[in-house]
Amino acid sequence: MEVYIPSFRYEESDLERGYTVFKIEVLMNGRKHFVEKRYSEFHALHKKLKKCIKTPEIPSKHVRNWVPKVLEQRRQGLETYLQAVILENEELPKLFLDFLNVRHLPSLPKAESCGSFDETESEESSKLSHQPVLLFLRDPYVLPAASDFPNVVIEGVLHGIFYPHLHPRKNKKTPQYF
């Protein structure tokens with residue numbers, strides 16, 4: 001897994017004073033996705049991670065100036081923080097994966113041991129609660145069609161194209177095609 005914070009932006013809000021949002025790029029198993037987080041979310045993650053793993057230093061919570069140079073330093077610090085968590089921990093806690101919106105991998109046995117980012121979530125609710133309805137042992141589209149189960153879609157299309165005279169017509173002047 002690779003994590004970068006390529007950019008940040010200032011978000012205006014009517015309900016509260018403006019804040020900065022950091023865009024996190026997550027590369028995992030050849031796939032890339034983005035997630036946006038505020039510093040307060042990083043800080044909440046850090047407080048929870050400290051309880052179950054060794055954590056690196058996180059950039060200071062209080063920033064005096066909201067100038068681009070200071071925010072760029074914070075961006076770099078948060079990027080370094082995320083990368084250090086990944087490098088220093090062989091098995092990543094579930095709440096860290098939740099923070100990055102990463103699917104929980106069965107190959108990570110300790111992923112469940114640190115709790116989830118949302119404390120109200122129970123362990124049972126994070127597991128699949130449905131059973132498969134239909135199971136194919138082989139790809140049904142690759143197998144030859146069974147003679148007792150015709151493909152009604154193809155037969156309907158062919159019937160409509162090659163046997164249009166068999167369809168009843170509402171108006172004798174205008175042919176109806178299905």
Side-chain angles (χ1 to χ4, degrees), residues 1-63 65-136 138-142:
M1 179 191 309
E2 295 177 42
V3 178
Y4 305 97
I5 301 179
S7 63
F8 59 88
R9 64 182 165 75
Y10 186 75
E11 188 74 28
E12 303 257 350
S13 174
D14 294 335
L15 302 174
E16 59 184 325
R17 64 181 191 161
Y19 54 88
T20 304
V21 177
F22 296 91
K23 185 175 185 178
I24 305 168
E25 178 181 323
V26 182
L27 299 164
M28 186 162 178
N29 298 329
R31 294 186 178 172
K32 178 187 347 183
H33 74 271
F34 294 93
V35 60
E36 293 187 333
K37 300 288 183 179
R38 295 173 60 171
Y39 178 85
S40 60
E41 294 173 282
F42 279 93
H43 189 70
L45 171 71
H46 179 70
K47 284 173 41 179
K48 291 179 181 181
L49 282 178
K50 282 194 321 187
K51 296 176 183 176
C52 57
I53 64 169
K54 184 182 176 203
T55 58
E57 289 295 317
I58 189 164
S60 174
K61 184 175 182 174
H62 302 287
V63 177
N65 299 341
W66 292 102
V67 294
K69 184 177 180 182
V70 174
L71 291 174
E72 174 59 21
Q73 289 174 343
R74 180 176 261 190
R75 182 204 64 78
Q76 290 174 0
L78 291 173
E79 181 178 86
T80 302
Y81 174 81
L82 293 176
Q83 292 172 348
V85 169
I86 293 169
L87 286 173
E88 293 175 10
N89 295 283
E90 193 174 310
E91 297 165 346
L92 297 171
K94 181 178 183 297
L95 67 97
F96 185 77
L97 298 174
D98 286 346
F99 180 81
L100 296 175
N101 289 348
V102 171
R103 224 189 215 162
H104 303 262
L105 304 173
S107 62
L108 302 176
K110 277 178 99 178
E112 299 288 330
S113 67
C114 198
S116 71
F117 197 66
D118 180 10
E119 293 296 331
T120 60
E121 180 185 50
S122 69
E123 200 169 308
E124 285 83 31
S125 69
S126 66
K127 295 189 177 14
L128 293 176
S129 61
H130 66 278
Q131 296 296 321
V133 176
L134 183 62
L135 176 67
F136 293 105
R138 287 181 259 163
D139 189 347
Y141 298 104
V142 175

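Hydrogens, waters and symmetry mates play no part in the numbers below; they use all other heavy atoms, side chains included. All residue numbers refer to positions in the sequence shown, counting from 1. In this text, all values refer to a predicted model and were calculated from it rather than measured experimentally.
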Closest heavy-atom pair and its distance - [X], [Y]:
{"X": "K47", "Y": "K51", "answer": "O-CG, 3.8 Å"}
{"X": "V85", "Y": "L92", "answer": "O-CD2, 3.8 Å"}
{"X": "P59", "Y": "G77", "answer": "CG-C, 3.5 Å"}

- request: Flag the pair Y4 / L82 as yes when at least one side-chain heavy-atom distance between them is below 4.5 Å, and no otherwise.
  value: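 In short, these two side chains do not touch, never coming nearer than 4.5 Å.
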
Has [X] got a side-chain atom pairing as donor or acceptor with [Y]'s backbone, closer than 3.5 angstrom?
{"X": "R74", "Y": "K69", "value": "no"}
{"X": "E41", "Y": "R38", "value": "yes"}
{"X": "H43", "Y": "I58", "value": "no"}
{"X": "Q83", "Y": "V3", "value": "yes"}

task: Kindly assign one of parallel, tilted or perpendicular to the pair F22 and F8, based on the angle between their ring planes and the thresholds 30° and 60°.
output: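 The rings of F22 and F8 sit tilted, inter-plane angle from 30° to 60°.
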
- prompt: How would you list, by chain and number, every residue that makes a ring-ring contact (aromatic ring centres under 6.0 Å, His included) with Y39, sequence neighbours excluded?
  reply: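 With sequence neighbours excluded, Y39 shows a ring-ring contact (aromatic ring centres under 6.0 Å, His included) to no residue whatsoever.
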
What's the separation between atom [atom1] in [X] and atom [atom2] in [Y], rounded to the nearest 0.5 Å?
{"X": "N29", "Y": "M1", "atom1": "CG", "atom2": "CE", "answer": "8.5 Å"}
{"X": "L78", "Y": "H46", "atom1": "CG", "atom2": "NE2", "answer": "11.0 Å"}
{"X": "N89", "Y": "C52", "atom1": "CG", "atom2": "SG", "answer": "8.5 Å"}
{"X": "K94", "Y": "D98", "atom1": "NZ", "atom2": "CG", "answer": "4.0 Å"}
{"X": "R17", "Y": "E12", "atom1": "CZ", "atom2": "CD", "answer": "12.5 Å"}
{"X": "I24", "Y": "F99", "atom1": "CD1", "atom2": "CZ", "answer": "4.5 Å"}

- prompt: In chain order, what residues pass the side-chain contact (heavy atoms from CB on, under 4.5 Å) check against E11, with sequence neighbours excluded?
  reply: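 Scan of E11 (side-chain contact (heavy atoms from CB on, under 4.5 Å), adjacent residues dropped) gives R9, Y19, V21.
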
I86/F96 under side chain to side chain contact (heavy atoms under 4.5 Å, CB included): CA gap, chis, key distance, verdict: CA-CA 9 Å; I86 293 169; F96 185 77; 3.7 Å; yes

- prompt: Hey, does the Lys NZ or Arg CZ of K23 hover above the aromatic six-ring of F34, less than 6.0 Å from the centre and inside 45° of the axis?
  reply: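 Yes, a cation-pi geometry holds between K23 and F34.
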
query: Among all residues two or more places apart in sequence or in another chain, which pass the salt bridge (charged side-chain N to carboxylate O under 4.0 Å, His left out) test with R75?
result: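 So R75 forms a salt bridge (charged side-chain N to carboxylate O under 4.0 Å, His left out) with E72, E79.
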
message: Please evaluate residues Y81 and I5 with respect to the criterion side chain to side chain contact (heavy atoms under 4.5 Å, CB included), reporting the C-alpha separation (whole Å), side-chain torsions for both, the decisive distance (0.1 Å), and the verdict.
response: CA-CA 11 Å; Y81 174 81; I5 301 179; over 6 Å; no

query: Given V102 and H33, is the side chain to side chain contact (heavy atoms under 4.5 Å, CB included) satisfied, shown in steps?
result: CA-CA 9 Å; V102 171; H33 74 271; 4.1 Å; yes

